[in-house]
2 protein chains.
Amino acid sequence: MTDRETTQADTIRLAIESEIFSGSLVPGTSMEEGRLATRFGVSRTPVREAITQLVQAGLISKSAHRRAVVSELDPGTLLDLFEALSELEGSAAFLSTMRMSPDEKQHLMTIHESAADNLRRQGDPNDYAKLGSAFHHAIVRGCHNKILIETTDWMSLRVLPYRRFQVMTPGRLKKNQSDHDTIISAIVAGDAEIARDNIQRHTLEQGDALMRFIALNKTKSVERLPRAVNEEYSL
Amino acid sequence: MTDRETTQADTIRLAIESEIFSGSLVPGTSMEEGRLATRFGVSRTPVREAITQLVQAGLISKSAHRRAVVSELDPGTLLDLFEALSELEGSAAFLSTMRMSPDEKQHLMTIHESAADNLRRQGDPNDYAKLGSAFHHAIVRGCHNKILIETTDWMSLRVLPYRRFQVMTPGRLKKNQSDHDTIISAIVAGDAEIARDNIQRHTLEQGDALMRFIALNKTKSVERLPRAVNEEYSL
DNA sequence: GCCGAACAAAGTGTGTACACTTTTTGCCCT
DNA sequence: AGGGCAAAAAGTGTACACACTTTGTTCGGC
């Protein structure tokens with residue numbers, strides 16, 4: 001049953017990744033190799049390897065002889081990240097408008113309509129969020145450029161740990177849906193420039209909203225939280 | 001003399017990196033941990049760590065239980081890379097047009113004029129290439145977006161091992177310079193859209209030319225290719 | 001009581017050993 | 001000869017040991 005293709009380091013990397021995305025590992029948390037090792041029931045070697053990989057992926061940072069720390073993005077960098085992401089998604093949308101196959105366009109529309117439906121019957125906001133991210137992803141994939149897709153995914157990944165702060169007010173949901181409406185019409189109409197501009201602005205606004213929300217809550221809770229909670233990652 | 005900040009893994013990573021960029025390590029070469037270890041006079045542990053890092057950087061590829069291989073970009077991926085890079089540089093130029101300080105613009109112009117001068121007096125093509133890359137870099141840095149800069153640099157890096165094939169004919173040099181002319185005028189004039197479109201097309205064309213050249217020479221033995229204008233790219 | 005220096009504890013970086021996987025070698029069979 | 005097939009060799013993944021660095025603690029001076 002041992003998978004010869006999947007090394008333990010991979011398993012552990014995935015596990016840590018998922019803990020970061022799920023929010024159990026809050027940015028700023030420091031991790032110690034030994035504990036992770038015993039927790040996962042392996043030696044420190046594969047743990048170290050997993051950490052190295054995650055460092056390069058940007059999800060955790062580390063310097064020589066210091067503990068690894070779940071990457072913490074200061075507001076400036078977070079803004080840069082969203083700006084870059086919005087540009088990339090813009091480029092992807094531009095290319096996608098001209099390159100998506102009818103099937104891909106159909107798929108995109110299906111996603112969009114499921115989202116609209118979810119909104120109409122006030123379905124699960126989590127489902128809506130999932131559809132939203134599928135929408136973006138479908139557009140990006142449509143550009144048929146591996147590098148662009150990879151890079152966009154990578155940036156989305158780095159933002160992901162912060163997405164969980166996102167508030168989903170009915171107003172925001174509606175705005176989101178109408179944004180998507182505009183984008184998809186542009187793609188269907190074959191107007192690449194419009195598609196680019198709209199998804200670009202849309203993503204940038206999303207980031208803006210998220211940052212504003214984080215900034216608001218920062219002063220209230222997170223910063224004043226007892227340091228013990230954030231500082232050590234104990235089992 | 002031992003540097004407490006620089007770990008052996010780092011040293012080795014840098015060494016391998018530089019060998020890849022300098023061309024001593026041709027894409028496709030497979031590397032074996034043990035040999036590298038004895039060559040660098042260390043154990044396999046730091047070598048493995050260096051390799052892991054380079055894998056994440058995209059310069060080396062590796063799968064479980066198989067030897068590490070210097071990444072080889074198939075033509076499709078190389079094209080994707082240039083397309084993505086051109087989009088990113090376009091975005092950067094767009095932002096730079098609005099964000100560069102007078103000092104930065106001045107610096108950019110200085111570079112551009114040095115290049116023009118080099119061209120007029122038929123100076124060293126290596127110097128010209130260096131100025132060209134400085135030109136691009138100055139524009140990208142001008143966007144003041146850390147992530148965008150990092151990502152662009154990363155992509156340029158991945159293309160670097162292939163730049164050594166670039167031929168610098170007088171005609172190409174002249175075209176290059178006039179492209180840069182157009183770009184810089186747009187930036188100075190504050191026309192962000194024009195700046196974006198022009199640098200985007202410019203970089204894409206560069207990539208195209210490079211790929212055409214590689215395709216032509218593919219039939220011949222790759223290792224036998226002239227060690228062209230590439231010293232400047234060593235790190 | 002507070003600060004800083006010496007010491008102790010904990011943690012990271014690297015060498016080495018060994019199990020398991022892949023690759024190569026060499027043999028047999030046709 | 002040439003194409004499998006098995007055993008040997010080579011190579012990778014992981015555990016573990018130990019040196020050196022960082023972090024935490026204690027204790028004496030002010």
Side-chain angles (χ1 to χ4, degrees), chain A residues 1-17 19-20 25 28-72 226-235, chain B residues 1-17 19-20 25 28-72:
Chain A
M1 220 230 71
T2 57
D3 189 343
R4 287 198 307 230
E5 292 306 297
T6 304
T7 167
Q8 303 205 65
D10 288 335
T11 311
I12 289 159
R13 176 175 53 77
L14 261 352
I16 296 178
E17 236 175 54
E19 288 188 10
I20 292 177
L25 243 39
T29 311
S30 78
M31 302 181 301
E32 185 245 312
E33 299 171 358
R35 307 224 178 155
L36 288 174
T38 56
R39 187 150 81 79
F40 287 112
V42 299
S43 90
R44 269 177 55 221
T45 310
V47 172
R48 278 179 64 80
E49 198 151 318
I51 288 178
T52 308
Q53 291 175 237
L54 289 166
V55 166
Q56 284 304 100
L59 268 86
I60 80 182
S61 31
K62 157 157 203 353
S63 44
H65 298 281
R66 299 261 160 67
R67 295 207 265 287
V69 172
V70 180
S71 291
E72 205 159 17
R227 272 181 102 54
V229 178
N230 276 342
E231 198 126 294
E232 263 298 337
Y233 168 60
S234 52
L235 56 154
Chain B
M1 208 230 83
T2 57
D3 190 343
R4 286 197 308 233
E5 294 304 299
T6 303
T7 167
Q8 303 207 71
D10 289 334
T11 312
I12 290 160
R13 175 175 53 76
L14 262 351
I16 296 178
E17 238 173 54
E19 288 189 9
I20 292 178
L25 243 40
T29 310
S30 79
M31 303 181 303
E32 182 231 311
E33 300 172 358
R35 314 254 165 154
L36 288 174
T38 55
R39 188 148 82 78
F40 287 111
V42 298
S43 89
R44 271 179 51 221
T45 311
V47 172
R48 279 180 63 80
E49 201 157 314
I51 288 178
T52 308
Q53 291 175 236
L54 288 166
V55 166
Q56 285 302 102
L59 269 82
I60 285 182
S61 12
K62 165 163 196 350
S63 44
H65 298 282
R66 298 256 159 65
R67 300 209 259 296
V69 171
V70 180
S71 292
E72 205 160 16

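Not measured: the values here are computed from a predicted model. Protein chains get the first letters and strands the later ones, always in sequence-line order, with residue 1 at the start of each.
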- Task: Assign each of B:Glu5 and A:Ser43 to its nearest nucleotide of DNA chain D by heavy atoms, then name whichever residue's nucleotide is nearer the 5' end.
- Result: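 Mapping each residue to its closest nucleotide by heavy atoms, the 5'-most match is A:Ser43.
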
- Message: Is it the case that C:dG13 (base atoms only) and B:Thr7 (side chain only) share a donor and an acceptor within less than 3.5 Å, ignoring hydrogens and angles?
- Response: no

- Query: Could one point to a donor on the side chain of B:Arg44 or the base of D:dG11 with an acceptor on the other under 3.5 Å away?
  - Reply: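 By the distance-only test, no, there is no pair.
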
- Message: Check this one for me: any side-chain N or O of A:Lys62 less than 4.0 Å away from OP1 or OP2 of C:dG13?
- Response: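 For C:dG13, OP1 or OP2 has a side-chain N or O of A:Lys62 closer than 4.0 Å.
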
- Query: Distance check: side-chain N/O of B:Arg35 vs OP1/OP2 of D:dA10, anything under 4.0 Å?
  - Reply: no

Among [options], which nucleotide sits nearest the side chain of [X]?
X       : options                : answer
B:Arg48 : C:dG15, D:dA15, D:dG13 : D:dG13
B:Arg66 : D:dT14, D:dT12, C:dT23 : C:dT23
B:Arg67 : C:dT12, D:dG11, C:dT14 : D:dG11
B:Glu33 : D:dG13, D:dA15, C:dG11 : D:dG13

For [Y], is there an ion pair with [X] - N to carboxylate O distance below 4.0 angstrom?
X       : Y       : value
A:Glu19 : A:Arg13 : no
A:Arg66 : A:Glu33 : no
A:Arg67 : A:Glu32 : no

Nearest whole angstrom, please: distance from the [atom2] of [N] to the [atom1] of [X].
X       : N      : atom1 : atom2 : value
A:Gln53 : D:dG13 : CD    : P     : 11 Å
B:His65 : D:dT12 : NE2   : P     : 11 Å
B:Glu49 : D:dG13 : CD    : P     : 14 Å
A:Leu36 : D:dA15 : CG    : P     : 14 Å
A:Phe40 : D:dG13 : CZ    : P     : 19 Å
A:Met31 : C:dA10 : CE    : C1'   : 17 Å

- Contact summary for B:Gly58 and B:Ser71, nearest pair of heavy atoms: O-OG, 2.9 Å

- Message: Under 4.0 Å, heavy atoms only, any strand: does B:Gln8 hit a base, just the sugar-phosphate, or nothing?
- Response: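 The residue B:Gln8 makes sugar-phosphate contact but no base contact.
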
- Item | Option among B:Ile20, B:Val69, B:Val70, B:Ile60 that satisfies the side chain to side chain contact (heavy atoms under 4.5 Å, CB included) test with B:Thr29 | B:Val70

